Amino acid sequence: METRLEQLIQDELPKIKVETICSIECVSQNLRRPLNGISVIVLFIVSQSQIENFLILKPFFDNTRLILVLPDNNKGLVAKGLQLNPCFVTYLDNDPHDITSVLRKIEQLKTGKQPLSEVENESRHNLMKQTRLATKR
């Protein structure tokens, strides 16, 4: 899904600069740089231990929107993921177009083409809907 998402972003959102980072150490280094210019991070989480490592970095995500991609809707993993305050949560088997849609809306926000409240309400609705699905099982 990561490779497919990168290609979709390049095709659908060519103005967005994408950088692929494959280790928690590299994420940490990038977030620690002053004025790093990162506005959105898409985190692909594959395990409980990995999400624990990202929770340690939580203060560095404060000024960055976070899109969280989880392997499945495991209740424990979703609960941990929500502690990172993501603006959107999805799963590996979902359509990556969902992520590009969120990125497009964030980009529209930055350029002033869409009111903030509309994006926030939609993101909250999606997150609450997915959280309810995860907790029902």
Side-chain angles (χ1 to χ4, degrees):
M1 181 181 190
E2 293 172 46
T3 306
R4 186 166 174 224
L5 178 60
E6 282 183 55
Q7 188 60 51
L8 280 172
I9 293 171
Q10 289 174 2
D11 294 345
E12 295 181 19
L13 304 161
K15 293 180 182 179
I16 293 180
K17 180 185 170 202
V18 176
E19 182 178 348
T20 303
I21 302 171
C22 297
S23 73
I24 193 155
E25 292 81 16
C26 290
V27 170
S28 177
Q29 288 173 1
N30 276 304
L31 290 172
R32 291 173 197 258
R33 278 191 248 151
L35 303 173
N36 57 29
I38 298 171
S39 60
V40 180
I41 294 175
V42 180
L43 277 182
F44 286 85
I45 302 294
V46 294
S47 68
Q48 187 80 24
S49 62
Q50 188 180 37
I51 204 156
E52 295 288 339
N53 289 331
F54 282 113
L55 282 170
I56 294 167
L57 297 176
K58 187 177 183 288
F60 294 105
F61 296 129
D62 284 346
N63 296 319
T64 306
R65 286 187 171 88
L66 182 66
I67 296 173
L68 194 58
V69 183
L70 298 172
D72 54 39
N73 60 357
N74 171 288
K75 197 169 20 175
L77 204 55
V78 171
K80 290 281 186 187
L82 292 176
Q83 290 178 27
L84 292 169
N85 298 322
C87 68
F88 186 73
V89 178
T90 190
Y91 304 97
L92 284 175
D93 59 352
N94 287 359
D95 187 350
H97 283 94
D98 295 343
I99 297 172
T100 57
S101 294
V102 172
L103 290 171
R104 182 175 294 106
K105 289 179 183 182
I106 291 170
E107 185 64 22
Q108 289 172 343
L109 253 175
K110 286 173 56 178
T111 60
K113 293 182 181 174
Q114 186 174 13
L116 180 61
S117 59
E118 183 180 331
V119 171
E120 285 180 338
N121 287 337
E122 187 172 336
S123 294
R124 281 191 195 114
H125 173 73
N126 288 337
L127 187 58
M128 287 172 53
K129 181 174 144 187
Q130 292 191 11
T131 303
R132 269 188 253 122
L133 287 174
T135 55
K136 283 183 181 178
R137 295 182 180 172

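Heavy-atom basis, side chains included; hydrogens, waters and symmetry copies ignored. The model shown is predicted, which means the values in this text are computed figures rather than measured ones.
The backbone N or O of Val46 sits less than 3.5 Å from a side-chain atom of Gln50, completing a donor-acceptor pair.
Applying the side chain to side chain donor-acceptor pair (under 3.5 Å) criterion to Asp11, with sequence neighbours excluded, gives Gln7. Considering only residues two or more places apart in sequence or on other chains, Asp95 meets the side chain to side chain donor-acceptor pair (under 3.5 Å) condition with His97. Ser49 is linked by a side chain to side chain donor-acceptor pair (under 3.5 Å) to Ser47, counting only residues two or more places apart in sequence or in another chain. Contacts of Glu52 classified as salt bridge (charged side-chain N to carboxylate O under 4.0 Å, His left out), with partners at least two apart in sequence or in another chain: Lys80.
Put simply, CD1 on Ile41 and CG on Leu68 are 11.5 Å apart, with the number rounded to the nearest 0.5 Å. Interatomic distance, Thr100 OG1 to Ile67 CD1, rounded to the nearest 0.5 Å: 9.5 Å. Interatomic distance, CZ of Phe61 versus CG of Asn85, reported as 11.0 Å (0.5 Å rounding). Ile51 contributes atom CD1, which lies 12.0 Å from atom CD1 of Ile56 (distance to the nearest 0.5 angstrom). Taken from CG in Leu5 to CD in Glu12, the straight-line distance is 9.5 Å, to the nearest 0.5 Å. Here CG of Leu70 is found 11.0 Å from CG of Asp93. Values are rounded to the nearest 0.5 Å.
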- request: Give the intermediate values and the outcome of side-chain contact (heavy atoms from CB on, under 4.5 Å) for residues Val78 and Val89.
  value: CA-CA 9 Å; Val78 171; Val89 178; 5.6 Å; no
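The hydrophobic cluster containing Leu43 also contains Leu57, counting ILVMFWY residues as joined when their side-chain heavy atoms lie under 4.5 angstrom apart, directly or transitively. No single ILVMFWY cluster, assembled from side-chain heavy atoms under 4.5 Å apart, contains both Leu13 and Leu8.
Among all heavy-atom pairs drawn from Val69 and Tyr91, the shortest one is CG1-C, 4.1 Å. Contact detail for Cys87 and Arg65: the closest heavy-atom pair is SG-CB, 4.1 Å. Between Arg4 and Pro96, the closest heavy-atom pair is NH1-CD, 3.3 Å. The minimum heavy-atom distance between Gly81 and Pro86, with the atom names listed, is O-CD, 3.4 Å. Across Phe88 and Thr90, no two heavy atoms sit closer than the pair CE2-CB, 3.6 Å.
Between Val40 and Leu103, the closest side-chain pair of non-hydrogen atoms falls below 4.5 Å.
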